[in-house]
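Presented below is the structure to which this report refers.
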Amino acid sequence: MTDAATKPTPRPSSLPAKPRIYSGIQPTGRPHLGNDLGAIRNYVALQDRYEAIYCIVDYHALTHVHDPEVLRRQTLEMAAALIALGLDPKRCTVFVQSHRPEVTELCWLFNTVTPVGWLQRTPTYKEKRANQPEDVNHGLLTYPVLQAADIALPKASLVPIGKDQAPHLELTREIVRAFNARYGETFPEPKAVYTEAPVVLGTDGVKKMSKSIGNTIEVLAEPDMIRKQVMSMMTDTQRILRTDPGRPQVCNVCQLHRHFGDDYEEIWEGERTARAGCVDTKKLLAQRIIDHYAPARETYRELMADPVRLRGILDEGAERIRPIAEATMAEVRERMGLR
Ligand code: TRP
């Protein structure tokens, strides 16, 4: 056999050895239980199987956050929390979107291959326009183009996201396809990796847990706050008397017990037989959440108390993306006839 046949095919230098994944997370400040169970836990699990890049998307946030101090603080809080909850800067890359401004250039270039109609038809754009009618800024329209640029800049092939992001990922694929068709094969068409995580309902037991609704359980907050939030939760609304049997399948407190400890079936049985009351079950849940997040709470506190260290970690993340971003941009400018 010749040498060439036995040697593995060398890969083009721009392609990573492990598949590269990319995901963006909004700088909403200290994350809540829904953020952790719905996304962050999954990010943590993926960091060893893939070359993982996680970005705190502050440019995207400017489409709805207009206070510079709030944006800066929430960006740092999210960064500290991601690390506290298990993203290890040695095993993955964590960076802040605006620390790598090449992405805005790529966004502009992508704008020129993206028909306006695609953006106007995007369901998230329609929702946002309805939610903030007094501020329908152009950033809202072009939001998915920036997201496409995020993913394409490091040529990521997989994108872990929740189902709500499906239309954005579909657009990313279309934009990349349009670029490749016009300028030659440049970017992989990224695939979504849907997180299997449940939709976590808020303390109201009705709507998805969300900071803007104010129905959150703030897992990194002080224990008293967590207790207060858990004790305020709606349970089975048909269980009125303490002696009424509970219905764990419709009780949000019981549902959340699934994620904390492996004895949730026993807890459910206690509810069904009215051995346990809602208050008992909530107290237990609050304590378990407090205990589960105790180490993360401590790391979070340390990082927030040491902004120099935190910024150092984020600077390093942005530096790690630099050569990747520069290589992509050089290729793109060349293909498009710039420079
Ligand atoms: N739009 C995403 C959200 O609101 C955040 C995001 C921005 C993103 N850029 C991304 C997610 C790239 C995945 C990949 O959650």
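Just so you know, ligand 1 is whichever comes first in the structure, and atom 1 is the first atom listed for that ligand. Here the structure is a predicted model, which means the values were calculated and not measured. All heavy atoms count here, side chains included; hydrogens, waters and symmetry mates do not.
- Atom 5 (C) of ligand 1 has Gly24 O, 3.6 Å as its closest protein atom, hydrogens excluded (heavy atom only).
- A donor-acceptor contact closer than 3.5 angstrom is absent between the side chains of His168 and Thr122.
- Taking every heavy atom of Gln26 and a limit of under 4.0 angstrom, the matching atoms of ligand 1 come to 4 (O).
- Checked against a 3.5 angstrom limit, the closest N/O atoms of Tyr143 and ligand 1 fall inside it.
- Looking only at atom types and distance, the side chain of Thr281 has a donor-acceptor partner in the side chain of Glu271 under 3.5 Å away.
- For ligand 1, the atoms lying closer than 4.0 Å to a non-hydrogen atom of Val57 are 7 (C), 9 (N).
- The proximity of Ile161 to ligand 1, defined as any non-hydrogen pair under 4.0 Å, is limited to the side chain.
- Counting atoms of ligand 1 from 1 in the listed order, those under 4.0 Å from a heavy atom of His60 are 7 (C), 9 (N).
- When each atom of ligand 1 is checked for a heavy atom of Val159 under 4.0 Å away, the hits are 13 (C), 14 (C).
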TODO: Check the pair Ile83 / Leu310 against side-chain contact (heavy atoms from CB on, under 4.5 Å), numbers first and verdict last.
DONE: CA-CA 9 Å; Ile83 294 162; Leu310 182 55; 4.2 Å; yes

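- Donor-acceptor pairing under 3.5 Å is lacking for the side chains of Tyr59 and Asp150.
- With a 4.0 Å heavy-atom cut-off, ligand 1 is reached by no atom of Leu169.
- Using bins of under 30°, 30° to 60° and over 60° for the plane-to-plane angle, the ring pair Phe187/Phe179 lands in the perpendicular bin.
- For the residue pair Asn131/Glu127, the side-chain donor-acceptor check at 3.5 Å is not satisfied.
- Under a 3.5 Å cut-off, the side chain of Lys211 and the backbone N or O of Thr28 do form a donor-acceptor pair.
- The atoms of ligand 1 that sit less than 4.0 Å from any heavy atom of Ile151 are 12 (C), 14 (C).
- Geometrically, ligand 1 and Tyr22 share no nitrogen or oxygen pair separated by less than 3.5 Å.
- Protein heavy atom closest to atom 3 (C) of ligand 1, with residue, atom name and distance, is Gln165 NE2, 3.3 Å.
- Proximity of a side-chain donor or acceptor of Asp280 to a complementary backbone N or O of Gly277 within less than 3.5 Å is detected.
- Close approach to Asp150 involves these atoms of ligand 1, each under 4.0 Å from a residue heavy atom: 7 (C), 9 (N), 10 (C).
- Between the OH atom of Tyr22 and the CD1 atom of Ile161 there is a distance of 12.5 Å, given to the nearest 0.5 Å.
- Atom 10 (C) of ligand 1 has Gln147 CG, 3.4 Å as its closest protein atom, hydrogens excluded (heavy atom only).
- Contacts of Asp164 with ligand 1, taken as heavy-atom pairs under 4.0 Å, are absent altogether.
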